[in-house]
S.K.: 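Mind having a look at this structure? Questions to follow.
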Amino acid sequence: MTHNTIKVALIGNPNVGKTSVFNELTGLNQQVGNYPGITVEKKVGFSKLSEYTKATILDLPGTYSLNASSMDESVVIELLMNKNDKNFPDVAVVVSEVENLKRNLLLFTQIKDLEIPTILVINMSDRMDAKGITLDIPFLEAQLKTKIALVSSRKKTGIAELKKLIINYKELPTEPCLNASSIDPDYFNSLRRAFPNQLLYKLWLVITQDVNFSNLHRKHIEENSFAKPKAELKRLQQKETIKRYQFINDTLKVGYIVDKTKATDIREKLDRILTHKIYGYLIFFGILLLIFQSIFDWSSIPMDFIDSSFAALSSFAKTHLPAGVLTDLIAEGIIPGLGGIVIFIPQIAFLFLFISVLEESGYMSRVVFLMDKIMRRFGLSGKSVVPLISGTACAIPAIMAARNIENWKERLITILVTPFTTCSARLPVYAILISLIIPDKRILGIFNLQGLTLMFLYMLGFGMAIVSAYALNKVLNIKSRSYFVVEMPSYKVPMFKNVGINVVEKTKSFVFGAGKIILALSVILWFLGSHGPNNTFHNAEEIVESQLQNKEISGEKEDLIASYKLEHSYIGIIGKSIEPVIKPLGYDWKIGIAVVSSFAAREVFVGTLATIYSVGSHAEEETTIKNKMAAEVHPVTGVKIFNFATGTSLLLFYAFAMQCISTLAITKKETNSWRWPMIQLAFMSGFAYTVCLIVYQLLK
Ligand code: GDP
C-alpha cells in the first residue's frame, strides 16, 4: 500500500493557538528554516494522520488578513496565490479561537474566496464554559461553507476529528462564503470578462496588494486598463472589509451565543494590577530579578558538572590514548571546544523556559502594553520590548523579531540598539569573570552578590540600548508615522508542551548554529597555540633549560617550557602584536587573543582562554577553566591578572563592544545596507574602548 501525503497549510491570526495546534499534530517532528531569500521563519512538521495517510504541515506566519502590511503576511499571500509553488496546500486549516471568533473569521472568509479546500479550527474550546459561550456548529458550518473542528489544544480534544477532516479534505466545499465582488459589480464583471480563466479574488489581491505573483503581474492588469487610483482602491478595500464583517456578524448572531451571566473572568482585575502605573512596573522588575537570580543559582550546578566532566574527559583522553599530535588535538582542542558549547545549555534552556512561560501566560503582551508609554519617548515602539528581551538570548533572532514593528524608523532604531542587550553568549563571559572578581556573599541573607552584579550588567545593557535609541531618534532624519495596536490575549496557564518544544528548539539552534563556529575556532586556536613559526618555538626546551641553568628564571621546568612555547606560538605573536592597543584597558596578550578571537562569537572568549591555559598546563589542581584563570599572575609583578580593575574593564568591554560577526551580518540583511552594521560596529566598539579605558585607569 502506498502512503498518501497531504500538504496542509496552517493559517491564523497571531495568538489563536496555532503553534499549539501545530505541536499537537506534529510533536517533535518539526523542521525550522527560512523562506528562500528572506528571513521569515518557516516551520514544517510531519504528522501521521492514519495508517496510510501522512501530512506535511506548513505553519505559516500569523496574519490578521490577506492585506499584506508586513513581510510575514506577504509570505502567506504569495503561497496561497501560487498553485505552482511546491508548498501550495491541498487543504488550508484556518485556526481561530473561541473568544475572538469574530475577528478571526475575517481572514477565514478571505481564504475561502481563494477557493482552496478549507477547514475551520475553533481552538480553546475549553474556555467556552468560563465565558458562557455556546456554538451552533451545524449552522456555522452551513453559513461558512466549511467543516469545523472544535479543538482544545490544551485539553487535547478535537485533534482526532481534525485529522479525520484533513484525511477527507476532498469532500470539503470550495465555494466562497460571501460575494465580495458586490462592492463594485461593474468593475468586477469587466475584470471577469477580461480574465475569464482567473479567480476573481486573486485578481483583486494582485491589484490591491504589493506581492509577487508570477503568472499574473499587476502590470499586465494595468495594461488592460484595470488600474484604479490609490484612494479609490483604499475605499473599495474598506468597503470589502465592512461587507465581510456584516456577513460575519449576521452569522455569529445566530451561531455564537454568549451568556454574560455565566462568564467568570478575573482578567480585568489582573489587567488592572499588571498594567498599573506603579505596581505594573514593580511586578515586571520583580519578575526580571527572579529570573536572573534563578538563572545564576540554578544553572551553576549543571555548569560546574559539565566543566569538571569535560576536564576529566580531557585528561582521560590524554592518559589513555597513544601520545601524539592526534591525541593532543582530541584532548586539548576538540574536547575543551565541545565543553565550551555544552556549558551554555543550562543557561540558555533556563532563560527560554522563563521567556516562553511569560509569553505563554499572556503576561508578555501586558509588558508590551506597559512599556509602550516609556518606549515611545526613546523613539522605540512598545513592540521593541520583544526584540530587546529576546536579545537576552541572542541578538540574531531578536533583530529578526523587530520585523513586527511596522514603522521603519522605530524598527531601524530597535535593530541598531538590540545588540546592547545582554545576549546569552555574554553570559558565560560574565559568569566566569564575576565569579573571579565578586565574592560569593549574600546581602540581607537573600540576594547573592554575584547574581546582583549579573543583574546590574543586564540593566546596563538595556539602559545603554535605551539611551542610544534616544540619541538615534534625535539624529536620524527619517519620517514615518506609527500607530499602536497591541493584542491582549486572556491569561492562561502555560502549556508544558509549547514551553518544552520552544526550549528544545532554541537550545538546538544555538548548539548547532554557534556550536560549529565555537568548535572550529577552538581547534584552530589549539593549532595556533601549539605551533610556531621559527626556532624560538621549536627549541623551547633547550632555551628554557639553559635559562634555568643560568638562573635567569625559576619554577617548574614543564610549566616554563609550556608557557615559553605559548608565548612564541602563532597565537602568542598575534596577541602580543595587539598588546600596545589593549594594555591601557588592563589586558595582557593572552586576554588580547581571547578578545580578538571572540569577535566571531563572544562566548569563544572563555573557550579561548581555556585552550590557551590548557596548552601547557600540567598541575592537577588547575584543571578547570576558572581555577586556571584565578591562578594566573603577571610574570614580572606577580599581581593577579584577573584582578578587580581588569575584570571590571573586561565586563564592560563585553557589555558594550560589538563583538559578533553574525549580528553584523543579520543587520546588513535586515537593513539591506552595509552602512548600518558599520555604524553599529564603529559606535559600539569605540564606545566600549573609551569606557574601559576610563574605568581601568580609575580603578587600577
Ligand atoms: P499562536 O500565536 O497562534 O501560535 O499561539 P500559541 O500556540 O503560542 O498560543 C497562544 C496562547 O494560547 C498560549 O498561551 C497557549 O498556551 C494558549 N493556548 C493554546 N491553545 C489553547 C487551548 O486550547 N486552550 C487554552 N485555554 N489556551 C490555549
Side-chain angles (χ1 to χ4, degrees), residues 9 11 63-69 73-85 88-92 94 102-120 140-147 170-254:
I11 307 163
T63 172
Y64 287 105
S65 69
L66 286 187
N67 309 328
S69 59
E73 290 176 336
S74 306
V75 165
V76 179
I77 301 171
E78 277 164 32
L79 172 67
L80 295 182
M81 298 234 297
N82 187 1
K83 276 209 157 105
N84 300 323
D85 192 308
F88 186 81
D90 297 315
V91 52
V94 177
K102 183 168 152 185
R103 198 198 54 215
N104 299 163
L105 284 179
L106 178 73
L107 175 69
F108 174 81
T109 65
Q110 286 185 310
I111 307 268
K112 279 294 280 175
D113 280 2
L114 293 173
E115 302 188 10
I116 302 168
T118 306
I119 299 167
L120 178 65
L140 291 175
E141 284 184 337
Q143 291 297 305
L144 300 171
K145 303 212 169 50
T146 188
K147 282 286 173 192
K170 286 187 180 142
E171 292 164 17
L172 293 165
T174 52
E175 80 248 51
C177 46
L178 81 163
N179 176 14
S181 59
S182 67
I183 50 174
D184 187 344
D186 292 346
Y187 179 72
F188 279 90
N189 279 335
S190 46
L191 252 183
R192 195 192 311 270
R193 277 195 296 275
F195 303 94
N197 299 325
Q198 292 292 346
L199 205 60
L200 208 54
Y201 193 59
K202 272 192 190 175
L203 289 169
W204 178 236
L205 284 177
V206 173
I207 294 167
T208 51
Q209 310 302 317
D210 191 18
V211 290
N212 304 315
F213 183 48
S214 48
N215 311 334
L216 198 64
H217 285 300
R218 180 167 333 179
K219 247 206 204 119
H220 182 48
I221 297 176
E222 286 172 357
E223 275 161 14
N224 280 278
S225 60
F226 281 103
K228 273 184 181 276
K230 263 222 158 79
E232 171 70 4
L233 283 177
K234 266 248 136 41
R235 195 185 63 81
L236 279 179
Q237 269 183 295
Q238 279 163 359
K239 223 172 147 186
E240 181 201 332
T241 308
I242 292 168
K243 191 156 179 61
R244 287 183 192 280
Y245 272 127
Q246 274 169 353
F247 166 77
I248 294 165
N249 280 337
D250 290 346
T251 306
L252 294 186
K253 220 180 264 165
V254 182

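Both backbone and side-chain heavy atoms feed into the values below; hydrogens, waters and symmetry mates do not.
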S.K.: Let me confirm one number: the CZ-CE distance from F88 to M81, rounded to the nearest 0.5 Å.
M.R.: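 Between F88 CZ and M81 CE, I get 10.5 Å after rounding to 0.5 Å.
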
S.K.: Would you call L120 and L140 a side-chain contact if the rule is heavy atoms closer than 4.5 Å?
M.R.: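 Of all side-chain heavy-atom pairs linking L140 with L120, none is under 4.5 Å.
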
S.K.: Could you state the interatomic distance from CD1 (I77) to OG (S65), rounded to the nearest 0.5 Å?
M.R.: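 That separation rounds to 7.0 Å.
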
S.K.: In the structure I gave you, are the side-chain heavy atoms of V206 and F195 within less than 4.5 Å of one another anywhere?
M.R.: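 No. Closest side-chain heavy atoms not under 4.5 Å.
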
S.K.: Could you state the interatomic distance from CD1 (I183) to OG1 (T241), rounded to the nearest 0.5 Å?
M.R.: 8.5 Å

S.K.: Distance check, rounded to the nearest 0.5 Å: F247 atom CZ versus L252 atom CG?
M.R.: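 These two atoms lie 9.0 Å from each other.
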
S.K.: Distance-only check: which donor-acceptor pairs under 3.5 Å involve side-chain atoms of residues 109-117, not counting sequence neighbours?
M.R.:
| from | atom 1 | to | atom 2 | distance (Å) |
| --- | --- | --- | --- | --- |
| T109 | OG1 | L106 | O | 2.9 |
| T109 | OG1 | R244 | NH1 | 3.0 |
| Q110 | OE1 | L66 | N | 2.6 |
| Q110 | NE2 | Y201 | OH | 3.1 |
| K112 | NZ | K145 | O | 2.5 |
| K112 | NZ | P173 | O | 3.3 |
| K112 | NZ | E175 | O | 3.2 |
| D113 | OD2 | R244 | NH1 | 3.3 |
| D113 | OD2 | R244 | NH2 | 2.8 |

S.K.: Sort and list the pairs that fulfil salt bridge (Lys or Arg N to Asp or Glu O under 4.0 Å) and have at least one residue in residues 178-191, not counting sequence neighbours.
M.R.: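 As it turns out, the salt bridge (Lys or Arg N to Asp or Glu O under 4.0 Å) pairs with a partner in residues 178-191, which skip direct neighbours, are D184-K228.
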
S.K.: Within this structure, what is the CG-CD distance for the pair L178 and Q143, rounded to the nearest 0.5 Å?
M.R.: 11.0 Å

S.K.: Calculate, to the nearest 0.5 Å, the distance between atoms CD and NZ belonging to Q237 and K234 respectively.
M.R.: 6.0 Å

S.K.: Can you name the nearest heavy-atom pair linking T146 to T118, along with the distance?
M.R.: OG1-O, 2.7 Å

S.K.: For N179 and K243, work out which heavy atoms get closest and say how close.
M.R.: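 Looking at all heavy atoms of both residues, the closest pair is O-CE, 3.3 Å.
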
S.K.: Considering residues at least two apart in sequence or located in another chain, which fulfil the ring-ring contact (aromatic ring centres under 6.0 Å, His included) criterion with F188?
M.R.: W204

S.K.: Between S181 and N189, is there a side-chain heavy-atom distance shorter than 4.5 Å?
M.R.: no

S.K.: Does K253 reach the side chain of N249, with side-chain heavy atoms less than 4.5 Å apart?
M.R.: no

